[in-house]
Amino acid sequence: MSVGIKDMRAFCAIVEEGNISHAAQRLDAAQPALSRQIKRIEEELGVKLFDRGARTIRLTEAGRVFYTRVEKIIGMLDGTIRELHDIGKGSGGSIRIGTITTSGAMILPELISRFHAQYPDVTFEIWESEGARILDMLDSRRIEIAVTRTAVDGENYGSLVLPHEPFVMLMNANNSCGEKPNEVRISELKDWPLIIPLRWKSIFISSCRERGFEPNIFCVSDSFVQGLLMVKMGLGIAMFPMSSQTLMMTDGDLICKRLVEPEMTTHTVVCWLKNQTLSTACKNFVKMFERLFVEGRIDVD
């Protein structure tokens, strides 16, 4: 007896759902049968995969290693099957995209709307997470396209890079800083409680120290939603890419100022695996993205 793909899918369902009951519902299986299946897998592997509690279960160290490997196996298998199904389908099929919040929220709605008007039979699966996790999903072929702000290796990935964009500081109108209405110097942020993305924490601190002060970083967070809510509650001033500005300014109690002296910039990267055959729908999607957002041409065939 060996561990098959059905066993792997059952194991992943339990990990992702957090308990056997929810996993059984997702798999349309009986809970006792699923429990027996996991017990058989553990006996087959000779290790304990889960520590079982009263209501939840947690992965053991062996379970974490097994999940990392199994997730990649299932991703590669599903990706290969989709590639085979998409061959010759033309304008149909499904596009799987992984994105970070600040980039995807600004790019994808308009792009998908235009793409859907031209290719109405194409469907989408969209995953949202932080940049490193999105690239992991791309490597395991859970997704075909990654939208991130993380630099990628040109040897393994094809990519399109958007122009650099500056950062802005989001603040509560009742608790704002800066002499100018549309700009704020980094020195003017001294002593104010700040909410800074983890990715740019080091460079932000260095810029403050060059100007003779230590920033009062109240919170380090890569969550756009959490940062926005904390600003609305008056807990601090948050740093975001400028492209996020339209998402923030739906509330009259918020003020957005461009960060200057010095200006800090970031950029969005759209990438895919070079060794993976993109579906026809995915190629069309990348080409439309390039036409809308990027100057110049790139070969995605």
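Fair warning: this is a prediction, and the values are worked out from it, not measured in the lab.
Distance CD1/I145 to OG/S159: 12.5 Å, rounded to 0.5 Å. Taking CZ of R133 as the start and OG1 of T150 as the end, the distance is 14.0 Å to the nearest 0.5 Å. In this structure, SG on C271 lies 5.5 Å from CG on L138, to the nearest 0.5 angstrom. Separating the CZ atom in R258 from the NZ atom in K180 is a distance of 12.0 Å, to the nearest 0.5 Å. Note that CG of N175 and CG of D253 are 12.0 Å apart. Values are rounded to the nearest 0.5 Å. Atom CD1 in I14 sits 7.5 Å away from atom CD in Q37 (nearest 0.5 Å).
K72 contributes no side-chain N or O that, together with a main-chain N or O of D139, makes up a donor-acceptor pair within less than 3.5 Å. With hydrogens and angles disregarded, no donor-acceptor distance shorter than 3.5 Å links the side chain of E17 to the backbone of N19. Using modelled atom types, no side-chain atom of E210 and backbone atom of S207 make a donor-acceptor pair closer than 3.5 Å. Remark: the backbone N or O of S202 is paired with a side-chain donor or acceptor of S206 at under 3.5 angstrom. Here the side chain of S113 pairs no donor or acceptor atom with the backbone of P109 at under 3.5 angstrom. Listed for the K232 side chain is no donor-acceptor partner under 3.5 Å among the backbone atoms of L254. Remark: the backbone N or O of S221 is not paired with any side-chain donor or acceptor of Q226 at under 3.5 angstrom.
At a threshold of 4.0 Å, the pair K283-E144 does not count as salt-bridged, since none of the basic side-chain nitrogens sits closer than that to a carboxylate oxygen. By the 4.0 Å N-to-carboxylate-O rule, E44 lies too far from R40 to be salt-bridged with it. The existence of a salt bridge linking E261 and R185 is confirmed by a sub-4.0 Å separation between a basic side-chain nitrogen and an acidic carboxylate oxygen.
Across all non-hydrogen atoms, the minimal contact from P215 to L194 is CB-CD1, 4.2 Å. The two atoms that bring E128 and I134 nearest to each other are C-CD1, 4.5 Å, heavy atoms only.
Aromatic ring orientation, F167 versus W200: perpendicular (interplanar angle above 60°, classes split at 30° and 60°).
Judged by the 6.0 Å and 45° rule, R142 forms a cation-pi pair with W127.
In this structure, F50 has its ring center at least 6.0 angstrom away from the ring center of Y67.
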